[in-house]
Amino acid sequence: MQDFKLIENKWQKYWEEHPEISRAENNSKKEKKYVLVEFPYPSGSGLHIGHTFSFTGGDVYARFKRMQGLNVLFPMGWDAFGLPTENYAIKMKRKPQEITKENTDMFKKQMKKLAFSFDWSREVNTTDPEYYKWTQWIFIQLFKKGLAYKKEMPINWCPSCKIGLANEEVVDGKCERCGSEVSRRNISQWVVKITEYADKLIDGLKETDFIEKVKQSQINWIGKSEGAKIKFKIKNSDKYLEVFTTRPDTLFGATFMVIAPEHEISLEMAEKNEEIKKYLNETRKKSDLERTELKKEKTGVFSGLYAINPVNNKEIPIWISDFVLSSYGTGAIMSVPAHDERDFAFAKKFGLKIIPVIKPKEDHNFEKEAYINVDNGEIINSPPIDGMVPAEAFEKMIKWLEEKKIGERSSSYHLRDWIFSRQHYWGEPIPMINCPKCGWVPVPDNQLPIALPEVEAYEPTDDGKSPLSKIESFVKTKCPVCGGEAERETDVMPNWAGSDWYFLRYIDPNNNKEIASQELMNYWGPVDIYIGGDEHNVLHLLYSRFIYKFLWDLGVVSKEILEPYYKRISHGVILGPDGQRMSKSRGNVIVPEDVSEKYGVDVLRMYLMFMGPFDSTMAWNEKTIAGVKRFLERFNKFVLSQKDNVIDSSDEVKVIINKLIKGVTEDLETFKYNTAIAKMMEALNNLTSLLNYKVAIKDIKTLIKLLAPLAPYITEEFYSFFEKTSVHMAEWPIVDKKYLIEDEVTIMIAINGKVRSELKINSTKQNDKDYVLNLARQDKNIIKWIGTNDIVKEIYISGRMVNLVIKL
RNA sequence: GGGCGGGUGGCGAAAUUGGCAGACGCAACGGCCUUAGAAGCCGUCAGGGGUAACCCUUUGAGAGUUCAAGUCUCUCCCCGCCCACCA
């Protein structure tokens with residue numbers, strides 16, 4: 001098989017001439033299957049092993065489903081906007097457009113070599129104006145529905161990238177991309193109200209078959225808490241302080257309140273008091289990293305104000321502390337130090353009152369720590385609700401608050417609105433115009449796309465504005481409403497924008513009237529199986545589901561299809577040979593091209609699928625490749641040695657073949673590629689060394705077909721010995737059940753659960769319990785084991801085992 | 001601290017979902033072939049005992065349920081990933 005390169009070249013050329021092999025048919029009566037793998041960011045270093053692994057996984061499944069007679073949509077495209085290309089462009093003084101073209105060309109070439117059966121007629125590219133025209137259109141719809149708004153807000157600012165970052169792009173207080181410490185800065189930003197869809201995004205998960213892990217991370221990220229909003233009157237003022245709490249039942253234990261430094265009352269009081277001003281300045285200097293690092297030691301300052309606890313009219317002090325976040329809830333809390341660790345720590349530090357309102361079930365010292373096992377115990381020190389369990393008291397208090405109109409049932413979410421502006425060049429321009437008279441006005445549909453103009457320098461400006469702001473011809477425009485002088489928005493969209501809806505575009509990639517035709521979306525949607533990395537289980541998936549649900553509300557997508565992705569599975573991670581994550585700095589990077597040059601594409605693909613379960617983390621082991629290589633060589637030999645033989649296979653061979661069909665079909669269906677390959681190896685071992693039976697051509701072809709999704713090149717070559725058509729268009733083998741029924745079954749005989757002997761019986765007798773038990777009792781070994789003891793119980797699992805329980 | 005995974009030979013891993021633990025592969029060892037190497041082929045391969053047929057022990061630790069537990073329940077230990085002052 002040293003000529004694998006010849007075979008690869010030959011068949012790659014053939015497939016190029018026969019694109020129908022991987023084409024998805026739009027007007028088909030066949031059942032559809034939409035298999036989606038996350039499209040890559042085409043970096044300059046080419047396809048890496050992770051791409052190769054996950055795309056192979058998708059490709060095997062797509063090929064398998066096609067052979068089963070389904071109309072498979074297995075597309076590919078490019079998520080090509082982004083900082084690496086922009087940074088490279090700056091460094092090399094070249095156009096990002098050119099660089100992107102080079103990279104996507106390289107990726108495509110590598111993918112073809114690896115035999116990924118994408119339908120290339122549906123290729124999409126997020127940087128193509130004909131594509132991002134619709135990304136811009138979606139933004140305009142968000143704006144029109146009041147879901148996109150401009151807001152001056154403190155954002156995470158990366159001083160090195162000179163860019164604003166979304167919360168999710170900040171890792172440990174550092175910029176996700178460059179690792180610089182992130183600081184805060186006020187910038188006018190476009191913000192998208194994803195929070196409006198929080199409940200829908202939780203509820204919609206019911207419609208999906210995502211693995212539990214993915215559902216959980218989505219739910220956790222949205223972070224819904226149910227509780228109440230409560231208004232506390234501020235003493236000597238007609239103002240109120242509103243808080244959110246999940247425990248209105250502990251209201252009698254609220255002995256003080258805390259507001260965030262960014263809270264308007266804090267800002268107001270700072271004007272009057274130097275100490276407060278000082279504290280606010282201190283916290284402002286802290287980055288998020290520092291603020292969260294100070295886990296133990298609480299800081300704070302008294303605001304000088306008191307609030308009135310509505311349940312008992314007690315005066316309680318209002319403090320200012322940075323452990324309260326302005327971005328969550330109302331930016332203010334009622335503190336119940338007896339039953340909350342943070343409140344307790346704060347109360348201890350500043351000598352505030354601690355009143356228990358839940359009676360602990362076990363001994364508890366309220367001087368030492370908070371009693372946080374709050375679902376247990378009964379309510380105390382709270383006259384109207386004393387003696388109730390917390391859940392009951394919760395409902396009672398909400399009712400009371402609502403009657404008195406000082407509070408109401410409410411939910412709060414961890415999820416925040418989505419900052420949608422990026423002060424960069426290489427992204428989709430936000431299609432908005434700022435008119436001095438009319439305010440923000442969207443670009444009319446017939447002027448879309450707003451194409452990225454060519455600029456001379458791609459660097460962001462020091463004041464944080466996008467490079468586009470320097471292009472007067474771009475910025476200056478007319479207001480579409482009043483016709484007066486106006487200016488264009490110069491920020492661009494975040495990376496997620498283009499990848500939110502790409503799966504819809506594959507369905508109808510050349511449509512210039514709409515995102516995609518409803519009819520086609522109705523046929524192809526939802527994505528049946530979406531393969532991607534864990535790192536996208538939260539953000540990409542959530543944003544994409546949000547945009548889909550928004551489009552659903554607009555009536556743009558099929559009403560029948562509530563969720564964009566039916567099933568999501570995550571692929572595993574391939575570590576370097578040293579068991580560490582592959583990285584250039586560690587020097588442990590495996591380049592797929594090197595491997596395929598050395599062993600061939602089929603070996604690379606099969607090795608990747610054989611390493612372990614598709615969703616697990618596995619270290620690269622060059623030596624193990626030999627096993628797969630040997631298997632393919634033995635398979636080769638086997639086919640060559642049998643191909644002149646035309647006799648019918650023996651029943652024993654047919655049993656092996658049919659068992660294999662069953663096993664491989666089940667394994668491919670459930671992405672258990674490693675065991676599918678093991679079964680093929682086992683079958684080949686049996687056919688060659690153990691039995692050495694002659695195999696009929698019909699059955700040889702079956703073996704080739706079973707292997708075809710995994711090793712597309714070599715199977716195409718083998719199949720061509722017998723047929724003129726492509727194996728990848730062949731029909732998937734069907735099990736002949738006749739051969740799955742074995743004549744003889746082996747039944748294990750155990751005594752007290754330990755296997756002591758075995759029994760071979762004719763399979764027609766396997767359901768005859770008395771017959772089997774009788775034979776079991778007469779077994780020589782068993783007689784010996786039983787000795788003079790009595791059998792107290794006999795259990796028979798049909799066709800499997802007998803267990804005789806004896807009394808010793 | 002919270003959530004989700006996971007712990008099985010020297011290694012990567014299987015185990016019909018409660019029914020023969022270790023399939024398949026790697027490595028290792030022994031042999032054949034070869035002038036020699038490479039490749040290939042045949043064999044051994046969880047640990048211990050026995051000349052042997054066989055026996056005992058073994059799925060992170062311990063308990064439990066069961067005729068039967070890698071699989072179910074409880075307690076504990078360790079590892080990985082994600083999130084975290086979320087009121």
Side-chain angles (χ1 to χ4, degrees), chain A residues 168 171 211-217 219-221 223-225 227 243-247 250 254 257-258 260 291-298 321-325 327-336 339-343 345-346 372 412-416 534-535 537-538 570 573 607 610-613 615-628 630-631 633-634 637 662-663 666 672 674-685 688-689 746-758 781 784 792-806:
Chain A
E168 35 277 30
V171 179
I211 48 175
E212 203 44 42
K213 159 166 91 166
V214 177
K215 283 190 184 179
Q216 263 317 318
S217 19
I219 289 169
N220 291 347
W221 188 263
K224 181 175 185 173
S225 311
V243 302
F244 171 76
T245 177
T246 55
R247 310 287 316 191
T250 62
M257 307 190 76
V258 187
R291 256 173 93 156
T292 50
E293 249 179 3
L294 294 169
K295 256 177 203 166
K296 294 267 156 66
E297 194 61 18
K298 295 274 183 286
S321 173
D322 63 4
F323 85 86
V324 172
L325 308 175
S327 49
Y328 185 76
T330 61
I333 61 165
M334 62 175 220
S335 280
V336 185
H339 306 289
D340 182 284
E341 281 178 293
R342 293 154 302 158
D343 294 351
F346 195 83
I372 52 172
S412 194
Y413 301 88
H414 177 188
L415 182 71
R416 307 195 196 145
D534 279 343
E535 68 275 20
N537 283 345
V538 175
S570 38
V573 178
Y607 169 62
F610 186 58
M611 287 174 85
D615 58 0
S616 72
T617 305
M618 297 157 293
W620 184 263
N621 182 352
E622 179 111 20
K623 280 180 176 165
T624 312
I625 297 177
V628 172
R630 281 178 204 147
F631 166 71
E633 274 159 3
R634 292 212 323 275
K637 245 194 225 168
K662 182 170 186 280
E666 284 169 1
K672 288 175 167 174
N674 55 334
T675 53
I677 294 170
K679 280 169 188 155
M680 287 191 244
M681 289 172 165
E682 194 178 8
L684 186 67
N685 289 346
T688 52
S689 67
T746 305
I747 288 166
M748 310 314 295
I749 312 172
I751 293 182
N752 289 351
K754 281 205 162 82
V755 175
R756 297 301 181 187
S757 189
E758 63 179 50
N781 289 325
K784 218 164 59 192
V792 291
K793 197 166 182 180
E794 296 174 329
I795 286 140
Y796 176 54
I797 307 297
S798 183
R800 258 181 228 294
M801 79 181 304
V802 168
N803 192 14
L804 303 176
V805 185
I806 62 170

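Chain letters run A, B, ... following the sequence lines, proteins first and then strands; every chain starts at 1.
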With respect to the phosphate group of [N], does any side-chain polar atom (N or O) of [X] fall under 4.0 Å of OP1 or OP2?
X	N	result
A/Asn674	B/A14	yes
A/Thr675	B/C24	no
A/Lys213	B/C4	no
A/Arg756	B/C56	yes
A/Asn685	B/G25	yes
A/Arg630	B/G25	no

What's the spacing between [X] [atom1] and [Y] [atom2] if we round to 0.5 Å?
X	Y	atom1	atom2	value
A/Lys224	A/Ile219	NZ	CD1	11.0 Å
A/Lys784	A/Ile751	NZ	CD1	10.5 Å
A/Met334	A/Arg247	CE	CZ	9.5 Å

Specify the separation, in whole Å, of atom [atom1] of [X] and atom [atom2] of [N].
X	N	atom1	atom2	result
A/Glu622	B/A27	CD	P	12 Å
A/Phe631	B/G25	CZ	C1'	12 Å
A/Glu633	B/C41	CD	C1'	14 Å
A/Asn537	B/G3	CG	C1'	13 Å
A/Asn752	B/C67	CG	P	11 Å
A/Asn621	B/A27	CG	C1'	9 Å
A/Arg800	B/U16	CZ	P	10 Å
A/Ile211	B/C81	CD1	C1'	13 Å

* Between A/Tyr607 and A/Asn621, is there a donor-acceptor pair closer than 3.5 Å when you use the side chain of the first and the backbone of the second? -> yes

Look at all strands and tell whether [X] reaches a base, only sugar-phosphate, or nothing, counting heavy atoms closer than 4.0 Å.
X	value
A/Ser217	nothing
A/Asn803	base
A/Phe610	base
A/Asp340	nothing
A/Lys754	sugar-phosphate
A/Met801	base
A/Met748	base

Can you find a pair of side-chain heavy atoms, one from [X] and one from [Y], that are under 4.5 Å apart?
X	Y	answer
A/Asn781	A/Arg756	no
A/Met748	A/Asn803	no
A/Arg634	A/Leu684	yes

Gap in Å between the two [atom1] atoms, one belonging to [N] and one to [M], rounded:
N	M	atom1	result
B/A39	B/A27	P	9 Å
B/G6	B/U71	C1'	15 Å
B/C24	B/C41	P	15 Å
B/U16	B/G5	C1'	24 Å
B/A69	B/G60	P	15 Å
B/G22	B/A13	C1'	9 Å
B/A21	B/C76	P	31 Å
B/A87	B/G7	C1'	37 Å

When you get a sec, tell me which of [options] is the closest nucleotide to the side chain of [X]?
X	options	result
A/Lys672	B/A15, B/G40, B/C86	B/A15
A/Val324	B/A87, B/G40, B/G3	B/A87
A/Val805	B/C67, B/G25, B/A87	B/C67
A/Ala678	B/C24, B/A14, B/A87	B/C24

* Asked: Should the heavy atoms of other residues, nucleotides or ligands under 6.0 Å from NZ of A/Lys662 be counted, would the total exceed 12?
  -> no

* Give a yes or no on whether A/Glu341 atom CD has more than 12 heavy-atom contacts from other residues, nucleotides or ligands under 6.0 Å away. => no

* Just label B/G9 as syn or anti from its O4'-C1'-N9-C4 or O4'-C1'-N1-C2 angle, using within 90° of 0 for syn. => syn

* To do: Kindly label the base of B/U17 as syn or anti, based on whether its glycosidic torsion lies within 90° of 0.
  => syn

* Structure fact -> RNA chain B nearest-nucleotide lookup for A/Glu341 and A/Thr617: closer to the 5′ end is A/Glu341

* If you find the nucleotide of RNA chain B closest to A/Glu758 and the one closest to A/Ile333, which residue's nucleotide is nearer the 5' end? -> A/Glu758

* Watson-Crick or G-U stems involving RNA chain B, each at least 3 pairs long, distances under 3.5 Å, ordered by first number -> B:1-7 with B:77-83, B:10-12 with B:24-26, B:28-32 with B:40-44, B:46-49 with B:54-57, B:60-64 with B:72-76

* To do: Please evaluate the base of B/C85 for a donor-acceptor partner in the side chain of A/Lys298 within a cut-off of under 3.5 Å?
  => yes

* Structure fact -> For A/Ser217 and A/Asn537, the nearest pair of non-hydrogen atoms, with its separation, is OG-CB, 4.4 Å

* Using the six-membered ring wherever Trp is involved, compare the ring planes of A/Phe323 and A/Phe346 and label them parallel, tilted or perpendicular (cut-offs 30° and 60°). => tilted

